[in-house]
Amino acid sequence: MKPQNVCVGSDIGRSYEELYEWGRQRLSLAKISEAQLDARLLLEWCCGADRNTLLVHGDHVVSAEEYDGYRQAVERRSRRIPLQYITGEQEFMGLTFEVNTNVLIPRQDTEILVEEVLKNLHDGMHILDLCTGSGCILVSLLQYSNDSTGIGTDYSEPALQVARQNAERILGKSAAEKGRALFRQGDLFQAIDKEEKFDLIVSNPPYIRTDVIKTLMPEVRDYEPILALDGREDGLFFYRRIIEQAGAHLYGGGMLFLEIGYDQGEDVSRLLRETGYTDVEIYKDYAGNDRVVQGTYRSIVAK
């Protein structure tokens with residue numbers, strides 16, 4: 001079935017308005033839930049225009065390059081490839097991060113994690129970001145603080161390459177040279193020296209139960225990295241490991257912040273308390289679901 005009221009293939013009109021209408025209908029047929037929004041965003045991206053320009057100059061005729069680029073982008077989106085992997089970027093905490101299929105797409109829910117950490121982040125603190133992915137958490141924390149430093153670790157070297165690029169673009173080319181933002185490959189704390197300690201440890205680890213992954217939206221299930229999603233049988237595999245090992249790398253009074261699934265608040269809080277963490281708190285996201293758990297590490301030897 002072809003989109004109605006607009007030509008397809010080589011006969012698609014070449015004005016903003018005609019291209020947008022074709023894209024909207026093409027994505028609707030592909031059952032993209034936000035077909036209208038995605039059609040507009042892809043048109044803005046392909047033509048280097050903003051929303052106001054598209055509205056005011058709907059009859060503007062696009063170039064052959066823009067025309068072909070938009071058609072290809074819409075076809076890719078109709079195959080359920082995430083829009084962010086098509087455009088190569090995603091907004092997070094007011095910053096633009098580069099993304100590709102080697103990293104999870106930063107989500108608004110994770111901004112809750114960053115905001116809670118920022119409330120406890122003071123000048124000059126040293127931060128560890130486990131499962132850093134695109135680096136969006138660590139880079140945002142460093143961008144919005146003074147004289148803080150951080151290390152991001154990830155099992156995936158391709159993911160770390162994305163994180164390094166984001167840090168360089170947002171924090172500056174000298175961020176790594178000055179030791180402000182470093183990224184290391186390894187399985188959680190494997191990349192950290194035994195004696196290395198931090199004021200804050202933060203992580204958005206894989207937390208989706210293995211049997212749930214097959215039920216996720218195609219955009220997530222088929223395109224986002226499985227290593228960054230799969231929390232094993234009960235979804236708590238990485239929380240157990242992080243909570244068990246984090247104390248050895250926190251100064252006394254240091255804090256651990258974890259993003260969690262909507263139904264994991266009580267389980268992760270219990271793990272923290274059983275391991276000796278105090279002042280354990282759960283924070284909700286904008287939808288009212290449990291999203292972040294924090295705990296304070298108490299040690300005999302203070303910093």
Side-chain angles (χ1 to χ4, degrees), residues 23-46 68-93 95-111 113 129-140 152-166 169 183 185 187 203-233 235 237-238 259-262 285 287 291:
R24 183 190 66 78
Q25 293 192 39
R26 179 70 185 89
L27 295 181
S28 294
L29 286 175
K31 302 188 184 305
I32 302 299
S33 60
E34 296 187 331
Q36 183 174 345
L37 175 62
D38 286 5
R40 176 175 63 80
L41 292 176
L42 287 173
L43 189 58
E44 291 177 10
W45 176 67
C46 289
D68 289 337
Y70 184 66
R71 288 179 57 194
Q72 293 172 21
V74 168
E75 290 302 331
R76 294 183 68 198
R77 183 69 187 98
S78 70
R79 299 197 300 271
R80 308 302 291 267
I81 297 174
L83 182 141
Q84 294 88 343
Y85 288 157
I86 297 172
T87 64
E89 60 184 36
Q90 169 67 4
E91 294 293 318
F92 181 82
M93 291 297 297
L95 305 169
T96 300
F97 286 85
E98 295 180 6
V99 295
N100 59 35
T101 54
N102 293 309
V103 299
L104 286 181
I105 298 167
R107 288 169 168 79
Q108 186 180 42
D109 286 341
T110 303
E111 293 187 355
L113 176 65
D129 177 21
L130 300 169
C131 309
T132 194
S134 67
C136 65
I137 295 172
L138 180 60
V139 172
S140 296
T153 73
D154 203 287
Y155 188 81
S156 167
E157 181 57 38
L160 290 171
Q161 292 176 14
V162 176
R164 293 186 186 105
Q165 291 170 0
N166 280 320
R169 190 163 54 84
F183 296 92
Q185 192 278 329
D187 183 11
S203 183
N204 177 18
Y207 59 71
I208 299 175
R209 297 198 315 271
T210 301
D211 63 348
V212 172
I213 290 177
K214 63 178 179 291
T215 70
L216 300 175
M217 294 174 58
E219 285 87 344
V220 178
R221 181 190 67 223
D222 298 337
Y223 293 100
E224 298 205 59
I226 191 69
L227 282 176
L229 297 170
D230 192 350
R232 309 294 174 87
E233 184 177 0
F237 176 79
F238 290 96
E259 179 169 335
I260 59 171
Y262 73 95
D285 60 24
R291 186 57 58 190

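Across all their heavy atoms, Tyr223 and Tyr85 have their closest contact at O-CE1, 3.8 Å. In terms of heavy atoms, Ala39 sits closest to Tyr70 at O-OH, 3.0 Å. The two residues Leu104 and Val99 have their closest heavy-atom pair at O-CG1, 4.5 Å. Residues Tyr207 and Glu259 approach most closely at OH-OE2, 3.3 Å, considering heavy atoms. When all heavy atoms are compared, the tightest approach of Ala73 to Trp45 is CB-CZ3, 4.2 Å. Across every non-hydrogen atom of Ala35 and Ser28, the tightest pair is CB-OG, 3.4 Å.
Annotation: side chain of Pro106 is in contact with side chain of Ser134 (closest heavy-atom distance under 4.5 Å). With contacts defined as side-chain heavy-atom distances shorter than 4.5 Å, the pair Arg80/Ile32 qualifies.
Around the CD atom of Glu34, the shell of radius 6.0 Å holds no more than 12 heavy atoms that belong to other residues, nucleotides or ligands. Counting heavy atoms of neighbouring residues, nucleotides and ligands inside a 6.0 Å radius, atom CD of Gln161 exceeds 12 of them. For Tyr155, the OH atom is loosely surrounded, since the number of other residues' heavy atoms within 6.0 Å does not exceed 12.
A salt bridge is absent between Asp109 and Arg107; no separation between the charged side-chain nitrogens and carboxylate oxygens falls under 4.0 Å.
A distance of 3.5 Å separates CD1 in Ile226 from CD1 in Ile213, rounded to the nearest 0.5 Å. Atoms CD1 and CD, from Ile105 and Gln90 in turn, are 7.0 Å apart once rounded to the nearest 0.5 Å. In this structure, Phe97 CZ and Arg169 CZ are separated by 8.0 Å, a value rounded to the nearest 0.5 Å. Rounded to the nearest 0.5 angstrom, Gln165 CD and Asn100 CG are separated by 8.0 Å. Going from atom CD1 of Ile208 over to atom CG of Leu229 covers 5.0 Å, rounded to the nearest 0.5 Å. Between the CZ atom of Arg79 and the CD1 atom of Ile86 there is a distance of 8.0 Å, given to the nearest 0.5 Å.
Of the candidates Glu219, Arg26, Gln72, Arg77 forms a side-chain contact (heavy atoms from CB on, under 4.5 Å) with just one, namely Glu219.
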Glu89 vs Thr96, test: side-chain hydrogen bond (donor to acceptor under 3.5 Å, both in side chains). Steps then yes/no. CA-CA 7 Å; Glu89 60 184 36; Thr96 300; 5.5 Å; no
Kindly indicate, with the supporting measurements, whether the criterion side-chain contact (heavy atoms from CB on, under 4.5 Å) is fulfilled by Ser140 and Leu95. CA-CA 8 Å; Ser140 296; Leu95 305 169; 3.9 Å; yes
Test salt bridge (Lys or Arg N to Asp or Glu O under 4.0 Å) applied to Glu111 and Arg291, step by step: CA-CA 10 Å; Glu111 293 187 355; Arg291 186 57 58 190; over 6 Å; no
Could you go through the salt bridge (Lys or Arg N to Asp or Glu O under 4.0 Å) check for Glu75 and Arg71 one step at a time? CA-CA 6 Å; Glu75 290 302 331; Arg71 288 179 57 194; over 6 Å; no
Show your working on side-chain contact (heavy atoms from CB on, under 4.5 Å) between Arg40 and Leu43 and close with a plain yes or no. CA-CA 5 Å; Arg40 176 175 63 80; Leu43 189 58; 5.7 Å; no
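Among residues two or more places apart in sequence or in another chain, the side chain to side chain contact (heavy atoms under 4.5 Å, CB included) test is passed with Pro205 by Cys131, Ser203, Phe238, Tyr239, Ile242.
Between Asp230 and Thr210, the side chains place a donor N or O and an acceptor N or O closer than 3.5 Å (distance only, hydrogens not considered).
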